[in-house]
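These notes concern the structure reproduced below.
Since the model is a prediction, treat every value here as computed from it, not as a measurement.
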Amino acid sequence: MNGSTVAEFVFLDFSCSRSARFILLNLVLTCYITILLGNTLIMVTVWTEPKLFQCPMYLFLVNLSLHDMTLGSIASPKLVTHLLNSGGTISYGECMAQICSQHFFGGSEIFLLAVMAYDRYVAICHPLRYTTIMNRQHCFGLLIFCWIGGLIHGIFQVAVMALLPYCGANVLDNFYCDITQLIKLACSETSVDEILLIVSDGLVIVPSLLALLVSYATILATVCGRFGKDGSKALSTCSSHLSVVGLFFGPSIFVYLKPSSYSQVDKMASVFYMVVTPALNPLIYTLRNQEVKRAIGKLKNKCQCILVPQRE
């Protein structure tokens, strides 16, 4: 594509003891199983509960679960292989595909979190107009914006990286194709490319984060002024989303909105961002959201009713 002579990239092993690697391997496996089962449970629950499926909040939640499943599947299987084999390799083409898919779904999820904050803002600050504003057509339009925004972001990121020549070093001190390290392996001047990538990440993260902050600042002011002491019930609907936002934005800002470096802290932040956060999201929504918990209980009862006669 770009005259590169490097056919594959080599991942370095984690600089930790065998026992620590074993613990990390079990953590990753547990998280990945939770990602698959937890997010699948949320999607099935919402799809089978008409009341939830008609609500914009849970339509967005289904999309969030889909994003988490995909984002977790990008790096988790490779990380398991990495830990079992004390390192690993990835072809040039797979590396570029991983970069594109990671930033596609990661960027789309950032936009989606901002849209979910907007949904809560409309629900709490304009309750009488909520069904009019957040109608089905508007919700699907917002989701299309998230997907297209993420796709543009992913294509831009991989286009910048694919145009760089790689003709010598091919060792990455990580478990996936991390742009902040990969760009240092290019055998050409990359300062302009680094600026472009940081600006691209900033254009996705910063406006979305500002939208989140403005939405929740307005919600807090409205709740305190309109509901007084009874505002805790209104805020409880936002607590799960705020927890997810904090878990997602913290590591992503640390990893992408700073100059590139080579440290174990960066690597562990990447593990948290790519593996742990997608596993925590379904737990947060199932444990802290009463409507989801009730719907899961109904789904469990339906499954028992179907299975019990078959046993008899």
Path from [X] to [Y] over hydrophobic side-chain contacts below 4.5 Å:
X: Leu213; Y: Ile124; result: yes
X: Ile152; Y: Leu142; result: no
X: Ile74; Y: Leu37; result: no
X: Val206; Y: Val214; result: no
X: Leu185; Y: Val192; result: yes

Is it the case that the side chain of [X] and the backbone of [Y] share a donor-acceptor pair, with hydrogens and angles ignored and the cut-off at 3.5 Å?
X: Glu189; Y: Ser191; value: yes
X: Asn39; Y: Ile35; value: yes
X: Thr81; Y: Pro77; value: yes
X: Asn135; Y: Thr132; value: yes
X: Gln98; Y: Tyr176; value: no
X: Ser108; Y: Cys146; value: yes
X: Thr48; Y: Thr45; value: yes
X: Lys78; Y: Ile90; value: no
X: Asn170; Y: Glu8; value: yes

For the [atom1] atom of [X] and the [atom2] atom of [Y], what is their distance to the nearest 0.5 Å?
X: Thr34; Y: Asn281; atom1: OG1; atom2: CG; value: 12.0 Å
X: Leu172; Y: Asp178; atom1: CG; atom2: CG; value: 8.0 Å
X: Ile42; Y: Trp47; atom1: CD1; atom2: CH2; value: 11.5 Å
X: Ser200; Y: Asp193; atom1: OG; atom2: CG; value: 12.0 Å
X: Leu203; Y: Phe156; atom1: CG; atom2: CZ; value: 9.0 Å
X: Cys55; Y: Leu61; atom1: SG; atom2: CG; value: 10.0 Å

Phe145/Phe111 aromatic ring centres below 6.0 Å =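 Yes: the rings meet the under 6.0 Å criterion.
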
Gln54 atom CD: more than 12 heavy-atom contacts under 6.0 Å = yes

Can you name the nearest heavy-atom pair linking [X] to [Y], along with the distance?
X: Leu25; Y: Leu83; result: CA-CD1, 3.6 Å
X: Asn26; Y: Phe22; result: ND2-O, 2.8 Å
X: Cys125; Y: Thr222; result: SG-OG1, 3.3 Å
X: Gly107; Y: His153; result: CA-CD2, 4.3 Å
X: Tyr58; Y: Val46; result: O-CG1, 3.8 Å
X: Leu151; Y: Phe104; result: N-CD1, 3.2 Å

Between [Y] and [X], is there a side-chain heavy-atom distance shorter than 4.5 Å?
X: Met57; Y: Met116; value: no
X: Phe11; Y: Thr89; value: no
X: Leu280; Y: Val276; value: yes
X: Leu182; Y: Tyr166; value: yes
X: Val158; Y: His103; value: no
X: Val80; Y: Tyr32; value: no
X: Leu164; Y: Ser188; value: yes

Start with the C-alpha gap between Cys167 and Val6, add the side-chain angles, then the distance that decides, and say whether side-chain contact (heavy atoms from CB on, under 4.5 Å) holds.
-> CA-CA 6 Å; Cys167 48; Val6 171; 5.7 Å; no

Derivation of the side-chain contact (heavy atoms from CB on, under 4.5 Å) call for Ile148 and Ile144 = CA-CA 6 Å; Ile148 292 178; Ile144 292 171; 3.5 Å; yes

Stepwise side-chain contact (heavy atoms from CB on, under 4.5 Å) test for Phe9 and Val171 = CA-CA 6 Å; Phe9 296 98; Val171 178; over 6 Å; no

Do Ser91 and Glu94 have side-chain atoms, one donor and one acceptor, less than 3.5 Å apart?
-> yes

Has Arg129 got its NZ or CZ under 6.0 Å from the middle of the six-membered ring of Tyr121, at an angle within 45 degrees of the ring axis?
->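 Not satisfied by the 6.0 Å and 45° rule.
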
Given side-chain contact (heavy atoms from CB on, under 4.5 Å), test Arg136 with Leu59 step by step and report yes or no.
-> CA-CA 10 Å; Arg136 210 67 173 172; Leu59 176 64; 4.1 Å; yes

Determine the interplanar angle of the His67 and Trp147 rings, folded into 0 to 90°, and report it as parallel if under 30°, tilted if 30 to 60°, perpendicular if over 60°.
-> tilted

